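A quick write-up on the structure given underneath.
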Amino acid sequence: MAKEITSRNENYSQWYNDIVVKAGLADYSAVRGCMVIKPYGYAIWEKMRDQLDRMFKETGHQNAYFPLFIPKSFFSREADHVEGFAKECAVVTHYRLKNDPNGKGVVVDDDAKLEEELIVRPTSETIIWNTYKSWIQSYRDLPILINQWANVVRWEMRTRLFLRTAEFLWQEGHTAHETKKEAVEEAERMINVYANFAREWMAMPVIIGRKSEAERFAGAIDTYTIEAMMQDGKALQAGTSHFLGQNFAKAFDVKFLNKDSNLEYVWATSWGVSTRLMGALVMTHSDDNGLVLPPKLAPVQVVFVPIYKSKEELDKVSQVIAPLREQLHARGISTKYDDRDNYKPGFKFAEYEMKGVPVRVAVGPKDIEKGTVEVARRDTLQKQFVPQNQLAETVVTLLDEIQENLYNRALDYRKANTVKVDTYEELKKVLSEKGGFVLAHWDGTAETEALIKEETKATIRCIPLDGEVEEGKCIITGKPSKQRAIFALAY
RNA sequence: CGGGGUGUGGCGCAGUUGGUUAGCGCACCUGCUUUGGGAGCAGGGGGUCGUGCGUUCGAGUCGCACCACCCCGACCA
C-alpha cells in the first residue's frame with residue numbers, strides 16, 4: 001500500500017484521485033475514460049444500491065431491465081432530448097470482425113454493416129417509452145412504476161474517477177401516470193427519497209431544489225435535484241428527478257383511455273442516481289489521512305488489530321478477540337480480524353485509516369492483563385480504552401455517533417460556506433475569494449443566468465424548494481424576484 | 001478538441017555531450033530478529049526503457065510520427 005496522499009491544500013484534485021486509487025475504490029483501466037471499480041469500492045456501491053433498492057420497493061416500484069442498445073431512430077423523436085445527448089453517444093455500426101487480410105489482428109468486417117445503427121444508451125427514456133406504448137391502453141394499466149439498475153455510456157471529453165466517466169453504473173426510474181398531479185407527486189417523492197438516503201446513509205447534507213431551464217434535463221418540464229457541497233466549496237449534483245410532462249408520451253404516441261372514455265397522453269417521470277455518489281461520498285468526509293466512511297455504508301465497520309510478540313501471545317489475543325467479534329456480529333455490526341503476520345500494527349493502523357474503516361480495535365498483552373481494548377474512531381482519530389465487557393455497547397453507540405458527527409460536520413461546513421449577497425459585485429467577490437454557495441436574487445431569465453456563468457463560471461445549482469420567500473431584486477437586472485437561487489461552481 | 005506535462009521492473013524515480021552487463025527507493029520472495037503508529041539485517045527474483053519508423057559502427061539518450069495517461073481550459077444532467 002502506498003504511503004502518501006497529496007494533501008487537500010496542496011492539490012485538491014490530486015488528493016481526490018489519490019484517495020480513490022489508494023483506498024482501493026477504483027483504478028484507471030485500459031479503456032479511455034472508463035474505470036475499474038475494485039472490490040472495496042464496489043462493496044460500498046453495493047451497500048448504497050441495496051438500500052436505495054429497498055427504498056424504491058417501499059415506495060411501490062419494481063425492477064426490470066431494458067436493452068443496452070437503442071435504435072438510432074428512437075433518438076430523433078423528442079427534439080430536446082436528441083440535442084441533449086447527441087454529442088456524447090457511442091454508436092454501434094457493425095456486428096462482425098474478421099481476420100485482417102494484411103496481417104495481424106482483426107478488423108471490422110465491412111460486409112457486416114448494420115442497416116440501422118444502434119446507440120449505446122446514455123439513458124433509457126426512448127427505449128422504455130417505445131415499450132410502454134404496448135403496455136398501456138387504459139387507465140387501469142396505470143401507474144407503471146419501474147426502476148432499472150444498469151450501466152450507461154456518455155462519451156465525455158474529460159473524465160474523472162466516479163465523478164464523470166464514459167461508462168457508469170446507475171439506476172433509472174421510469175414511471176407512467178394518469179394525471180399531471182400524480183406524476184409531479186412522484187417526481188417530488190423520489191427526490192425526497194434521494195435526499196433522505198443522502199442524509200441518513202451517506203451522512204451528506206443536501207439541498208433539494210428545482211433546476212433552472214438551462215440546467216434542466218433534456219426533455220423534462222421540471223427537474224428536481226439534490227445538491228451537495230464538497231470540501232473545496234464546489235457543488236455536486238448528487239441525484240435528479242424529472243417531471244417529463246407528456247413529452248415522451250407524445251414522442252412515442254403513448255395514449256390511454258381514461259375513466260370518461262377519452263384518449264389522453266400519459267404523464268411521465270424519470271429519476272436517477274449513479275456511481276457519482278461514490279465521488280460525493282469521498283469529497284464530503286475524507287481527510288488527508290485517507291477515506292472516511294459513514295458507518296452505515298462501510299463494508300467493514302470495525303477492524304481488530306492484534307498486538308503481540310510471540311505466537312503464544314497472538315493465540316491469547318486471538319482468543320480474546322473471537323468472542324468480542326461474535327458480540328458485535330450479534331448486534332449486526334460487520335468486523336474484520338487482521339492477523340496478518342507480515343505487517344506491523346502501525347502499518348495496519350495507517351492502512352485502515354486510508355480505507356476509512358470507522359472503528360479500529362487494538363488488543364495486546366496489556367489489554368489482556370487489564371481486561372480492556374483500545375478503541376479508535378476514524379472521524380476524529382481519537383482513542384480510548386474500553387473494558388472488554390463493554391465493547392459491544394460502546395461500539396454500537398460509537399457508530400451512531402460517528403454517523404451523526406459526519407453529517408453535522410459536513411452541515412457546519414456548508415453553512416460556513418454559504419452566504420447571501422445582494423449585489424453582483426458581492427457575488428463575484430465571494431465566488432473568486434471564498435467559493436461555496438452564494439444565495440442571490442435572480443430574475444428567472446436564461447439571459448441573466450448565461451451572463452453570470454460567462455463572467456464567473458458559476459451556475460445556478462437550484463432554486464431551493466424550502467427556501468424562504470422574500471421580496472428582492474435581481475442582482476443583474478434589478479427586476480423583482482421572490483426567492484434566492486443558489487449560485488456555485490460545480491462538478 | 002486546444003494548451004502544458006509525463007511515459008524506464010508492480011509503484012515512485014535517476015540515467016551526464018549517444019558508448020560495455022540500465023541503476024536507486026518502496027513493494028515482492030526466503031531466512032532470522034521484531035511487533036502498543038507505516039520494523040531491521042542478510043540473501044534473492046523481476047525491465048521488449050509507451051509503440052513504430054529513421055539517423056548512427058553503436059539509441060533509454062538524437063529526429064519524425066503515433067498511442068496512452070495526468071493537469072488546466074472548452075464542452076457537459
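Below, read A as the first sequence line, B as the second, and so on, with proteins coming before strands; counting in each chain starts at 1. Computed from a prediction, not measured in an experiment: that's the story for all the values here.
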- Looking just at side-chain N and O atoms, do D18(A) and T6(A) make a donor-acceptor pair shorter than 3.5 Å? yes

- Item | Nucleotide rU34(B), atom P - distance to CG of L314(A) in whole Å | 15 Å

- Query: Less than 4.0 Å between a side-chain N and a carboxylate O, is that true for K316(A) and E313(A)?
  - Reply: no

- Task: Indicate, with a heavy-atom threshold strictly under 4.0 Å, whether E353(A) touches base, sugar-phosphate, or nothing.
- Result: base

- side-chain N/O Y28(A) vs rC70(B) OP1/OP2, d < 4.0 Å: yes

- Query: Is it true that a side-chain atom of Y194(A) and a backbone atom of I226(A) form a donor plus acceptor pair closer than 3.5 Å?
  - Reply: no

- Atom C1', compared across rG7(B) and rG58(B): separation rounded to whole Å: 24 Å

- Message: Using whole Å, what does the distance between atom P of nucleotide rC1(B) and atom CH2 of W155(A) come to?
- Response: 12 Å

- N289(A) atom CG is separated from rG38(B) atom P, nearest whole Å, by 14 Å

- Quantified in whole Å, what is the C1' atom distance between nucleotide rA27(B) and nucleotide rG9(B)? 11 Å

- Rounded distance in Å - OH (Y343(A)) to P (rG36(B)): 16 Å

- Query: Between rC70(B), rA27(B), rG36(B), which one does the side chain of P345(A) approach most closely?
  - Reply: rG36(B)

- Would you mind telling me which of E156(A), M157(A), R154(A) makes a side-chain contact (heavy atoms from CB on, under 4.5 Å) with R164(A)? E156(A)

- Query: In terms of side-chain heavy atoms, does Y352(A) have a donor or acceptor partner in D338(A) at a distance below 3.5 Å?
  - Reply: yes

- Message: Does the protein touch nucleotides 72-77 of chain B at the base, only the backbone, or not at all? Give it as B, S and - per nucleotide, heavy atoms under 4.0 Å.
- Response: BBB-BB

- Short side-chain to backbone donor-acceptor contact, R377(A) and V359(A), under 3.5 Å: no

- Roughly how many Å is it from OH in Y16(A) to C1' in rC70(B), rounded to a whole number? 15 Å

- Item | Between R121(A) and N151(A), a side-chain donor and acceptor under 3.5 Å | yes

- Task: Between rG44(B) and rA65(B), how far apart are the P atoms? Round to whole Å, please.
- Result: 46 Å

- Query: Expressed as a whole number of Å, how far does the P atom of rG23(B) sit from that of rU16(B)?
  - Reply: 14 Å

- Message: Between K234(A) and A488(A) (side chain of the first, backbone of the second, donor and acceptor by atom type, cut-off under 3.5 Å), is there such a pair?
- Response: no

- Message: With a cut-off of less than 4.0 Å, is there a side-chain N or O of N342(A) near OP1 or OP2 of rA39(B)?
- Response: no

- Query: How far, in whole Å, is rU51(B) from rG60(B) if one measures between their C1' atoms?
  - Reply: 14 Å

- Going by number, which of residues 221-236 of chain A have a non-hydrogen atom under 4.0 Å from RNA chain B? none

- Item | Sorted by number, the residues of residues 362-392 of chain A with heavy-atom contact under 4.0 Å to RNA chain B | A362(A), G364(A), P365(A), K366(A), D367(A), E374(A), K383(A)

- Item | Residues H242(A), T223(A); criterion side chain to side chain donor-acceptor pair (under 3.5 Å); working and verdict | CA-CA 4 Å; H242(A) 316 290; T223(A) 290; 2.9 Å; yes

- Query: Nearest to the side chain of E351(A) - rC71(B), rU34(B), rG38(B)?
  - Reply: rG38(B)

- Message: Parallel, tilted or perpendicular: which one describes the rings of F66(A) and Y132(A), with boundaries at 30° and 60°?
- Response: perpendicular

- Item | Interatomic distance where NZ belongs to K348(A) and C1' belongs to rA39(B) [whole Å] | 13 Å

- Query: Between rG15(B) and rU55(B), how far is it from one P atom to the other, in whole Å?
  - Reply: 28 Å

- Ion pair R340(A)/E351(A), N-O distance below 4.0 Å: yes

- Query: Quantified in whole Å, what is the P atom distance between nucleotide rC57(B) and nucleotide rG10(B)?
  - Reply: 35 Å

- Item | Value in whole Å for how far the C1' atom of rU34(B) lies from CZ of F347(A) | 16 Å

- Query: Where the side chain of Q483(A) meets the backbone of P464(A), is there a donor-acceptor pair that is under 3.5 Å apart?
  - Reply: yes

- Rounding to the closest angstrom, what is the interatomic distance between rC53(B) and rC76(B) at atom P? 42 Å

- Report the distance from atom NZ of K355(A) to atom C1' of rG38(B), rounded to the nearest whole Å. 15 Å

- Name the stems that RNA chain B belongs to, where each is three or more consecutive Watson-Crick or G-U pairs with both distances under 3.5 Å? B:1-7 with B:67-73, B:10-13 with B:23-26, B:28-33 with B:39-44, B:50-54 with B:62-66

- Any K344(A) side-chain nitrogen or oxygen under 4.0 Å from OP1 or OP2 of rA39(B): yes

- Query: Using 30° and 60° as the class limits, which term best fits the ring planes of W170(A) and F168(A): parallel, tilted or perpendicular?
  - Reply: perpendicular

Under 3.5 Å, which donor-acceptor pairs link side chains of residues 362-374 of chain A to any protein atom two or more places apart or in another chain?
from: D367(A); atom 1: OD1; to: T372(A); atom 2: OG1; distance (Å): 2.8
from: D367(A); atom 1: OD2; to: G364(A); atom 2: N; distance (Å): 2.9

- Indicate, with yes or no, if the rings of W271(A) and F243(A) have centres closer together than 6.0 Å. no

- Item | Ring center gap for F217(A) and H81(A) short of 6.0 angstrom | yes

I'd like a table of atom pairs between the protein and nucleotides 41-47 of chain B - only N or O on both sides, under 3.5 Å - with the distance next to each one.
none

- Item | From Y224(A) atom OH to I208(A) atom CD1, the distance as rounded to the nearest 0.5 Å | 11.0 Å

- Short side-chain N/O contact from Y12(A) to OP1 or OP2 of rC71(B), under 4.0 Å: no

- Answer with yes or no whether the side chains of T126(A) and E78(A) bring together a donor and an acceptor at under 3.5 Å. no

- When you check the phosphate oxygens OP1 and OP2 of rC11(B), does a side-chain N or O of K22(A) lie under 4.0 Å from one of them? no

